[in-house]
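Below, chains carry the letters A, B, ... as their sequence lines are ordered, and counting in each starts from 1.
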There are 2 protein chains.
Amino acid sequence: MKARLLKIGFRDVKQDVFKRIRSSEWGPGALLPGEVDLAAEYGCARTTVNRAMQELSDDGIIERRRKGGSRVRLAPSRQVTFEIPRVRAEIEAKGADYCYELLSSAVVKAPRWLEVRLAVPNATRVRHVESLHYADGAPFQFEDRWINLSAVPRAEGADFAALSPNEWLVSEVPYTTAEVRFSATGASGSIATNLKTMSGAPIFLTERTTWLAEAPVTYVRLYFASGYQMIARY
Amino acid sequence: MKARLLKIGFRDVKQDVFKRIRSSEWGPGALLPGEVDLAAEYGCARTTVNRAMQELSDDGIIERRRKGGSRVRLAPSRQVTFEIPRVRAEIEAKGADYCYELLSSAVVKAPRWLEVRLAVPNATRVRHVESLHYADGAPFQFEDRWINLSAVPRAEGADFAALSPNEWLVSEVPYTTAEVRFSATGASGSIATNLKTMSGAPIFLTERTTWLAEAPVTYVRLYFASGYQMIARY
DNA sequence: AAGTGGTCTAGACCACGAC
DNA sequence: TCGTGGTCTAGACCACTTC
């Protein structure tokens with residue numbers, strides 16, 4: 001029995017309950033004590049226990065049901081969470097020099113596949129921008145972006161030679177929702193040339209589609225130079 | 001002015017504040033009203049506002065400081081969160097048949113590179129297991145796993161022909177912490193053969209290192225068949 | 001020194017869902 | 001039906017930071 005010099009906080013409760021789960025005091029599927037009981041045991045308010053348990057639930061450690069109580073998850077479905085990397089920040093965080101180059105820019109009618117992806121009407125005008133991001137002078141990421149001009153008309157006149165589309169959009173259209181897809185692909189001709197790798201070399205690809213409250217804003221393909229790794233902890 | 005039939009909840013506050021940020025009522029960097037003021041405005045308790053703001057902070061929309069107040073983030077650093085994919089669940093979720101095959105298993109001394117990765121002493125014994133996961137009869141994922149026997153002695157006698165190492169570990173050693181790395185690589189000989197792709201084909205690779213309270217448990221490389229995508233929303 | 005967010009409390013009511 | 005978690009409240013004290 002340990003002396004309780006300080007008040008019990010929700011972090012203490014969370015940590016202790018987690019420890020007891022790890023130590024097999026409560027095995028997978030086991031029913032945990034109710035919030036009222038835990039509050040009595042820890043000598044704190046039920047609200048405090050509630051917050052602790054809520055976080056354990058968010059973390060995928062336990063499952064909670066009204067009337068059913070809280071149970072240790074059978075197959076803990078942990079979640080990874082990591083920040084969406086902004087290229088510039090990502091490069092500068094490594095201590096490397098960031099540099100950006102605009103390769104091409106044109107206003108066109110959206111090709112069919114893009115119409116489908118963004119769910120925009122036929123003949124929607126989009127701005128297509130290709131650019132390259134360097135780390136310490138070496139190609140780091142090739143960016144192939146399409147911006148929906150009916151959602152962001154001001155993008156038509158933006159100077160993407162001065163400011164990358166990425167940063168322009170962040171400053172102009174923040175607080176969007178997005179879908180991200182990660183995959184591996186082979187470096188096709190122009191991409192291989194730009195990233196200075198062999199044709200067919202394995203490339204880490206990020207695709208992102210972005211909406212501003214229902215309105216499709218942009219679709220972008222980010223091709224990373226060889227050796228790129230995305231890292232997360234949980 | 002809308003009629004307020006129901007009590008204001010933290011979700012309402014969160015959503016409304018977010019809407020006001022998106023509508024540029026509060027631009028990037030702007031100082032938001034204090035919790036007390038917002039509580040008065042919404043006609044609810046400060047605790048309710050606090051929870052809403054806390055979540056907006058977690059979501060990367062705003063930044064909060066004691067005494068400094070809450071501000072809209074200049075560069076919203078949104079976070080992606082997605083579930084750690086369990087192969088079986090992932091395959092069955094697609095409505096495909098899951099099937100598993102053990103390719104090889106051996107107990108050996110950890111090679112040097114693994115010693116370094118897991119930070120284990122020289123001559124640590126590990127179990128090396130190679131296996132293949134099928135979706136509807138087609139190779140889906142090749143698994144190359146190393147298990148630290150000094151951390152999980154029981155793994156030495158486990159029957160990985162019946163149960164995949166993944167599922168065995170989840171049932172035996174749940175609630176671990178982990179580091180995950182995603183990258184693209186080329187299919188080398190044995191991997192190409194097993195995944196039935198051409199040698200050199202781009203492969204999506206997941207590497208995961210797992211600890212149980214400081215003790216390194218396992219390191220695994222997961223090679224996915226061509227066309228695999230990892231998807232997340234935020 | 002003072003103001004703002006961070007957290008705890010004790011009590012209350014409600015909604016879901018197992019029984 | 002009724003127990004359990006979900007949420008709100010009103011009030012309080014504390015801790016961090018800016019002033």
**Item:** Whole-Å distance separating the CG atom of B:Leu38 from the C1' atom of C:dG3
**Value:** 16 Å
**Request:** Would you mind reading off the distance between A:Ile8 atom CD1 and D:dC13 atom P, rounded to a whole angstrom?
**Result:** 20 Å
**Asked** Contact class for B:Gly69 vs. all strands (heavy atom < 4.0 Å): base, sugar-phosphate, or nothing?
**Response** sugar-phosphate
**Complete:** In whole angstroms, the gap separating C1' of D:dA10 from OH of B:Tyr42 amounts to 21 Å
**Message:** If we check side chain to side chain donor-acceptor pair (under 3.5 Å) with A:Tyr219, which of these qualifies: A:Glu207, A:Arg208, A:Glu179?
**Reply:** A:Glu207
**Prompt:** Counting side-chain heavy atoms from C-beta on, which of D:dG5, C:dG5, D:dT18 comes nearest to B:Arg65?
**Reply:** D:dT18
**Request:** For A:Lys7 and C:dT9, give me the distance from atom NZ to atom C1', rounded to whole Å.
**Result:** 8 Å
**Message:** What's the closest nucleotide to the side chain of B:Thr48 if the choices are D:dA10, D:dT7, D:dC8?
**Reply:** D:dC8
**Request:** Name the closest nucleotide to the A:Ala45 side chain, picking from D:dA10, C:dA10, D:dG5.
**Result:** C:dA10
**Message:** From the set D:dG5, C:dG6, C:dC8, return the single nucleotide nearest to any side-chain atom of A:Arg64.
**Reply:** D:dG5
**Request:** Check whether any side-chain N or O of B:Asn50 sits under 4.0 Å from OP1 or OP2 of C:dG5, and answer yes or no.
**Result:** no
**Asked** Among C:dT9, D:dG3, C:dT7, which is the nearest nucleotide to the side chain of B:Arg46?
**Response** C:dT7
**Asked** With a 3.5 Å cut-off and no angle check, do the side chains of A:Tyr42 and A:Asp16 form a donor-acceptor pair?
**Response** yes
**Prompt:** Once you round it to whole Å, what is the distance between P of D:dG5 and CD of A:Glu55?
**Reply:** 17 Å
**Request:** Would you please confirm or rule out a distance under 4.0 Å between OP1 or OP2 of C:dG6 and any side-chain N or O of A:Arg11?
**Result:** no
**Asked** Which of these passes ring-ring contact (aromatic ring centres under 6.0 Å, His included) with B:Tyr228: B:Phe182, B:Phe142, B:Phe204, B:Tyr223?
**Response** B:Phe204
**Prompt:** So, is B:Gln54 close to the C:dG6 phosphate, meaning a side-chain N or O under 4.0 Å from OP1 or OP2?
**Reply:** yes
**Side chain B:Arg51 and base C:dT7 donor-acceptor under 3.5 Å** = no
**Complete:** A:Glu63 atom CD is separated from D:dT4 atom P, nearest whole Å, by 18 Å
**Request:** Return the 5'-most residue of the pair B:Lys67, A:Asp12 with respect to DNA chain C, ranking by each residue's nearest nucleotide.
**Result:** B:Lys67
**A:Cys44 vs A:Arg71, nearer the 5' end of DNA chain C by closest nucleotide** = A:Cys44
**Salt bridge A:Arg20-A:Glu25, side-chain N to carboxylate O under 4.0 Å** = yes
**Spacing between A:Arg66 atom CZ and C:dC14 atom P, to the nearest angstrom** = 13 Å
**Prompt:** What's the CG-P distance between B:Leu56 and C:dG6, to the nearest Å?
**Reply:** 12 Å
**Request:** Specify whether B:Tyr100 and B:His133 have parallel, tilted or perpendicular ring planes, treating 30° as the upper limit for parallel and 60° as the lower limit for perpendicular.
**Result:** tilted
**Exercise: do A:Arg233 and B:Thr177 side chains pair donor with acceptor under 3.5 Å** = no
**Request:** Give a yes/no answer on whether the side chain of B:Thr47 brings an N or O atom under 4.0 Å of OP1 or OP2 in D:dT7.
**Result:** no
